[in-house]
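One structure is given here, and the rest of the page talks about it.
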Amino acid sequence: MITTETFVQKPNNLVFSNPSYLGHEQVVFCQDEETGLKAIIGIHSTVLGPALGGTRMWNYENEYDALVDVLRLSRGMSFKASISGLDLGGGKAVIIGDARKHKTDALMRRFGAFVESLSGRYITAEDVGVNTHDMEMVKMETNHVTGIPESMGGAGDPSPVTAYGVFMGIKASAKYKWGTDDLGGKKVLVQGVGHVGETLVKYLSESGANVFVNDIYEDVLENVAKKYNATIVKDNVYELEMDIYAPCALGATVNDDTIEKFNCSIIAGAANNQLADENAHGLRLKERGIIYAPDFLINAGGLINVNSEIIKISRDEVFKRTENIYDTTLSILNHATKNNITSHQAALEIAQKRIDETRKNKK
Ligand code: NAD
């Protein structure tokens, strides 16, 4: 039986004092018994504009993990929009459940109704476990949605653009490390070969890289490996001797357990929040001489694409703007070296500065 006592004994730092809650404006819990929907929407900042960020559907081990994930993700979106020069704030949503088993059109529509209730403070899109069809369902309930199919007047799946931006980030990191961005013969491990990962594998194999792939789903893994002649890796992923590790699954794969195992020169991938602890792990990578391309900088292609639905720019223009990730990555890496700070810190400082200045000018 749950008593008042039970609640009193619970930790009192679950929400506002949670380190991941840092700076958040609003967090919304959404529940619908009929469809089984359990979702959390995190709005980190609306200083630069409405908070835009995708919806992730994942079978979290517990609700606390889902909360921490959405908070970390929405904060990252604020920095991603800022460093990319977009007039957008940072937000994100998570739906608790296995997308392969629990996702239904009715559930996505109900989620859309919750997005609508926020009157445009939060605009959604796709993320892990969620696709353009789901956004079509959301669109039936709200106009505050992007990443809808091109046939419906949207900019379509953002993932290919994200992959292109990540490829630019990888090439810029290579240029910084080896003085050339030629990836011919470089060993690259792509971990997570879903929407973004698969297209990244395509770009990498076209550039002559020696591509290794890893995923938790056997069918996905076999299919991508066969299509692009990539080598499957199942065990000891982090110890693998490689030139570049490209995390394209979930976040926090650079953590206390993995950080000393890495046997690579560059970490650059699509996953959000790759550093479990952005300060400690960013610093350790720097000490170990491993180049880290800040995730929120190099995976911004998808956001640039969904934003094109708002500011009405062509797909060609989207790719052109995404290509700029190459120059920005190089300049961030140089800036970090010059100032003896981590690349993550360098990117964060620039992103935070734009947010702070805009906030000041609004007053
Ligand atoms: P997705 O769901 O299509 O693909 C993710 C893949 O990772 C799946 O195939 C899944 O099986 C695999 N995976 C999950 N856990 C794994 C693990 N522990 N080890 C190995 N593989 C694992 O998602 P996506 O849209 O390709 O996004 C990938 C990452 O990039 C996510 O972190 C997402 O937040 C980020 N991202 C995506 C976009 C976008 O445009 N889709 C934009 C920016 C950032």
Side-chain angles (χ1 to χ4, degrees), residues 52-61 65 69-70 72-77 79-81 83-84 86 90 92-95 98-100 103 124-135 146-147 154-167 169 189-202 212-225 232-238 240 245-255 257-258 268-276 293-308 318 322 325:
L52 195 156
T55 298
R56 170 174 295 185
M57 185 158 184
W58 192 253
N59 211 7
Y60 292 97
E61 248 173 54
D65 285 359
D69 202 28
V70 76
R72 278 168 57 88
L73 287 165
S74 53
R75 176 171 173 265
M77 291 308 292
F79 299 130
K80 191 185 303 195
I83 204 156
S84 308
L86 307 178
K92 201 91 180 180
V94 297
I95 297 176
D98 184 336
R100 286 193 172 194
K103 194 171 63 179
T124 197
E126 299 89 344
D127 193 65
V128 175
V130 170
N131 56 34
T132 44
H133 170 78
D134 302 321
M135 289 303 111
T146 54
D157 182 3
S159 313
V161 190
T162 302
Y164 185 63
V166 171
F167 183 58
L189 168 71
V190 180
Q191 182 185 37
V193 284
H195 288 97
V196 180
E198 174 171 352
T199 311
L200 180 63
V201 170
K202 175 177 155 286
F212 293 75
V213 288
N214 169 257
D215 201 288
I216 47 170
Y217 289 123
E218 197 77 29
D219 52 344
V220 176
L221 195 53
E222 299 280 346
N223 172 42
V224 173
I232 291 176
V233 182
K234 284 188 181 161
D235 304 312
N236 304 322
V237 175
Y238 303 106
L240 188 74
Y245 163 52
C248 295
L250 298 192
T253 56
V254 180
N255 55 46
D257 291 336
T258 59
N272 285 304
N273 302 324
Q274 290 163 28
L275 308 177
D295 47 13
F296 64 84
L297 165 64
I298 73 165
N299 71 12
L303 185 62
I304 295 170
N305 188 61
V306 292
N307 186 51
S308 74
V318 165
T322 302
I325 287 175

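Here the structure is a predicted model, which means the values were calculated and not measured. Ligands are counted one by one from 1 in listed order, and the atoms in each one are counted from 1 as well. The first residue of the sequence shown is numbered 1, and numbering continues consecutively from there.
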Please confirm whether Glu198 approaches ligand 1 to less than 4.0 Å, judged on its heavy atoms. no
Out of all atoms in ligand 1, which are within 4.0 Å of some heavy atom of Val128? Include the element for each. 2 (O), 23 (O), 27 (O), 31 (C), 33 (C)
Quick test: of every protein heavy atom, which one is nearest to atom 13 (N) of ligand 1, and how far off is it to 0.1 Å? Ala249 CB, 3.6 Å
If you round to the nearest 0.5 Å, how far is NE2 of His133 from NZ of Lys103? 8.0 Å
Which of the numbered atoms in ligand 1 are under 4.0 angstrom from any heavy atom belonging to Gly129? 2 (O)
Per-atom filter on ligand 1: closer than 4.0 angstrom to a heavy atom of Pro158 are 40 (O)
How close do Cys248 and Ala270 get, heavy atom to heavy atom, and via which atoms? SG-N, 3.6 Å
Nearest 0.5 angstrom please: Met57 CE to Asp127 CG, how far? 13.0 Å
Consider ligand 1: state whether an atom of it lies below 4.0 angstrom from any non-hydrogen atom of Ser159. yes
Are any of the N/O atoms in Lys92 less than 3.5 Å from those in ligand 1? no
Of Ile216, Asp219, Asp157, the one whose closest heavy atom lies nearest atom 19 (N) of ligand 1 is Ile216
N/O separation below 3.5 Å, Asp127 to ligand 1: yes
Going by the order shown, which atoms of ligand 1 are within less than 4.0 Å of some heavy atom of Lys80? 43 (C)
What's the shortest distance from atom 26 (O) of ligand 1 to any protein heavy atom, and which residue and atom give it? Val196 N, 2.8 Å
Provide, to 0.1 Å, the distance between atom 3 (O) of ligand 1 and the closest protein heavy atom, together with that atom's residue and name. His195 ND1, 2.6 Å
Separation of Ile325 CD1 from Asn299 CG (nearest 0.5 Å): 8.0 Å
Carboxylate-amine/guanidinium contact Arg72 Asp295, below 4.0 Å: no
How far is atom 20 (C) of ligand 1 from its nearest protein heavy atom, and which residue and atom name does that atom have? Asn214 OD1, 3.4 Å
Within the side chain of Asp215, is there an N or O that forms a donor-acceptor pair under 3.5 Å with the backbone of Val193? yes
For atom 4 (O) of ligand 1, find the nearest protein heavy atom and state the residue, atom name and distance (0.1 Å precision). Gly194 CA, 3.3 Å
Quick one: are Tyr238 and Gln191 in side-chain contact, heavy atoms under 4.5 Å? yes
Can you tell me how far CG of Asp65 sits from CH2 of Trp58, rounded to the nearest 0.5 angstrom? 12.0 Å
closest protein heavy atom to atom 12 (C) of ligand 1 is Asp215 OD2, 3.3 Å
Determine whether Thr146 and Asn307 make a side-chain contact, defined as any pair of heavy atoms from C-beta on separated by less than 4.5 Å. no
Between Ala225 and Val213, which heavy-atom pair has the shortest distance, and what is it? CB-CG2, 4.2 Å
Does Trp58 have a non-hydrogen atom less than 4.0 Å from ligand 1? yes
Distance col, row Ile298:CD1 vs Thr322:OG1, nearest 0.5 angstrom, shows 12.5 Å
With a cut-off of 4.0 Å, which atoms of ligand 1 are near a heavy atom of Arg56? 31 (C), 32 (O), 33 (C), 34 (O)
Give the residue and atom name of whichever protein heavy atom lies nearest to atom 43 (C) of ligand 1, and the separation in Å to one decimal. Asn299 O, 3.5 Å
Candidates Ala163, Cys248, Ala270; heavy atom nearest atom 44 (C) of ligand 1 found on Ala270
Whether Thr162 side chain and Gly302 backbone form a donor-acceptor pair below 3.5 Å: yes
Nearest-0.5 Å distance, CG of residue Leu86 to CG of residue Leu52: 9.0 Å
Of the protein's non-hydrogen atoms, which lies at the shortest distance from atom 40 (O) of ligand 1, and what is that distance? Thr162 OG1, 2.7 Å
If I apply the N/O under 3.5 Å rule, does Tyr217 come out as touching ligand 1? no
